[in-house]
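Written out below as structure tokens is the structure these notes cover.
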Amino acid sequence: MSKILIQNGRVIDPANHIDHLLPVYIAAGKIVSVGQKPADFTADIILDAHNKIVCPGFVDLSVRLREPGHSRKGSIRSETQAAAAAGVTSLCLPPDTRPIIDTPSVVEYIRDKAEQAGYPNVFPFAALTKQLKGQELSNMHALKTMGCIAVSNAMCAPQNLLILRHAMEYAVSHDLPLVLRPDEASLSQGGCIHEGAIASQYGLPSIPAAAETIAVAQTLELAILTGCCVHFSQISCQGAVNKIQQAQNEGLPVTADVAIHQLHLTDTDLIPFDSRYHVLPPFRSQADKTALREGLINNSLAAICSDHQPHDLDAKLGALPETEPGISALETLLPLTLQLVAENSLSLSQAISLLTDKPAAIFSLDKGSLSPGMDADICIFDPNKNWQVNKDTWHSAGINTPYWEQTLQGKVSHTLQSGNIIYQDNA
Amino acid sequence: MNSALQLNAHGKLKHFLSIEGLSKALLTEILDTAESFAGITGQAVKKVPLLRGKTIVNLFFENSTRTRTTFELAASRLSADVLNINIATSATSKGESLLDTIRNLEAMHVDMFVVRHAISGAAHFIAQHSAPHISVINAGDGQHAHPTQAMLDMLTIRQHKKDFTRLKVAIIGDIRHSRVARSQIQALNTLGAQEVRVIAPKTLLPAQIESLDVTALHDMEQGLKDIDVIIMLRLQKERMTSALLPSESEFFKCYGLTQKKLACAKPDAIVMHPGPINRGVEIDSTVADGPQSVILRQVTNGVAIRMAIMSMVLQQSTEPVA
């Protein structure tokens, strides 16, 4: 395996408090050293990172690959390739594939396909309940043995609190954290946008923020009751951020992430009836957006994810309420995160931390840092490069993004996975 | 947002999807045009040749006898050919997509779609995806808009009250689920009504009602004070089964328009209802058939308004582009 030297780059490795111009030495797929040249190191490949930032590969906690089961929308190959282009070297896969990730053979299929593709590490979440129906427990032990790192309800709310309680108790017994997308279905059912002024004016079926806050509050009580570690995924509102922060202050083992687009868009930004803005949870109010950004600073939200959901054209061809929710978001993850830095919401180091060591720490993944001995999963990006989101620059099979044909700043130039260059920007 | 899609480069109506974004001058032009057609509908020969050779498709994804009939009548009085397609019993129930249906009709060289659909935004979507020569008129989409109904209501109000700027209007009933109410509110505010009130229990009001630029009240007698125009809305039966209201009788007791409650409004207040009426649920028969009721006048005006909008929309397409 090649020895690689990355030189002239600004290395930002938040886990090790590094932010300096330093060389990075890689051999046998591992980080050998950052800064100090190892003895007898002769690089086979030298990557020049002048004016670029060298950081750990991103750890994305929610990426739909659409395989198995939704091949019209994307494949493991197409979407992991998009991940590589986005600087993502590790990604978590929610269990709502078809078949659902509730049997070991599905995990095996996904693992094999991902290995064949040769792109990022895929960490599947197991279904919390069989078929995600919210009724019977999944075979959590067997799924964990096959490599699932957590159990998750994906987009499906558990049928009742008793079943959720039992699932949490069983997950604790197998040392599995629960990944929960909080949603009280009776309040959100049929809704497609935030219950605010826009929904009222346009007569669109809406989802109150309380649907999320109530689910968070209930689950927190069950976390106390069961001792289960809970990670809330794709938080969208102020009430939920407050509840999570309060629980953390009380010492509960809870964490949460936020989807990148929630940190930028609100319900008033959406072009009415434009299906590209159809996302769940929906874009909320300005106050919610502000609270989410504050949550990144005060640590109640420990990760930014893409919540990548590629779709085929037909899925988005209709007036907003008739279409499927979700945004193809991997490839805008970095530029939109950098935009938070440009808007002074985060320092660059904080922003990178929210994409690397912090999400890795939530699931104790040996990822997200440039410590010697770690897998050489590295992202090199040019923070100042402008690029247009269009068919020439895009890799995902889904072009369902509100940022289509917009110009964004910040582009990945190289992605390394265990010392292999899995993406190189040729533009 | 709709204004860009609805208007052509000269500011003329290309589609008619929503009141939102349309100017007071344009709404007034619609009313004036309708007024000129109102004369025709009273004549022995009720046809004008304005749209001869044009083909209009009534594309109804939801059943509606009244609205469809007035559109059909309006089109035929303008000498257009009319095709009625009831989608509930047509292609989309065989699995054909909405867009495929539209493409097929376009291929038959039609000029206009009149669309009624259960999803908010459907007419907007069809307008965006139709061929450039086609105009779309929204005949009601989900809970979003029913702009031709709102305009016929404005015509009725103007015929009885003249000056909008001195009017206080109350809309009563199921505002939350009403596309009619949303369009009426926008039209009244654009035309400069002094005050628009909505009166309903909180279960029948949109969550952010204040964003609609109205005063919301829960008490009918208080709400009707000083009111010039009363608009009652139809109450759907399913509001009772979905726990929004306890019963029809309790609704009638609180929000049904009776002679007694009508007396709280100005003595010359007019009473309107988009129909069809649930007698004894939202309105008492003595009021619906009483001297202050202009409900049948609304129906008559429905034809004139739709003639006005159809002719304005189709005539802009034949004007030479400068």
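All chains are named by letter (A, B, ...) in the order of the sequence lines, taking the proteins before the strands, and each is independently numbered beginning at 1.
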Counting heavy atoms not belonging to B/R103, are there more than 12 under 6.0 Å from its CZ?
-> yes

Going from CZ on B/R176 to OG on A/S206, what distance comes out if it is rounded to the nearest 0.5 angstrom?
-> 7.5 Å

Give a yes or no answer on whether the side chain of B/Q208 reaches the backbone of A/E195 with a donor-acceptor pair at less than 3.5 Å.
-> no

Do the side chains of A/L317 and B/H129 get nearer than 4.5 Å, heavy atoms only?
-> yes

Could you tell me which non-hydrogen atom of B/R182 sits nearest to which non-hydrogen atom of A/Q201, and how far apart they are?
-> CD-O, 3.4 Å

Should we count CZ of A/R72 as having more than 12 external heavy atoms under 6.0 Å?
-> no

Heavy-atom closest contact (A/A319 atom, B/A122 atom, distance) = CB-N, 3.8 Å

Do the non-hydrogen side-chain atoms of A/L320 and B/F125 ever get within less than 4.5 Å of each other?
-> no

Spell out, as yes or no, whether a donor-acceptor pair under 3.5 Å connects the side chain of B/R179 to the backbone of A/Y202.
-> no

Atom NZ of A/K243: over 12 foreign heavy atoms under 6.0 Å = no

Residue part contacting chain B, namely of A/I198, when any heavy atom lies under 4.5 Å | neither

Among B/I175, B/L212, B/I209, find the residue that satisfies the side chain to side chain contact (heavy atoms under 4.5 Å, CB included) test when tested with A/S200.
-> B/L212

Where on B/H177 is there a heavy atom nearer than 4.5 Å to chain A: the side chain, the backbone, both, or neither?
-> neither

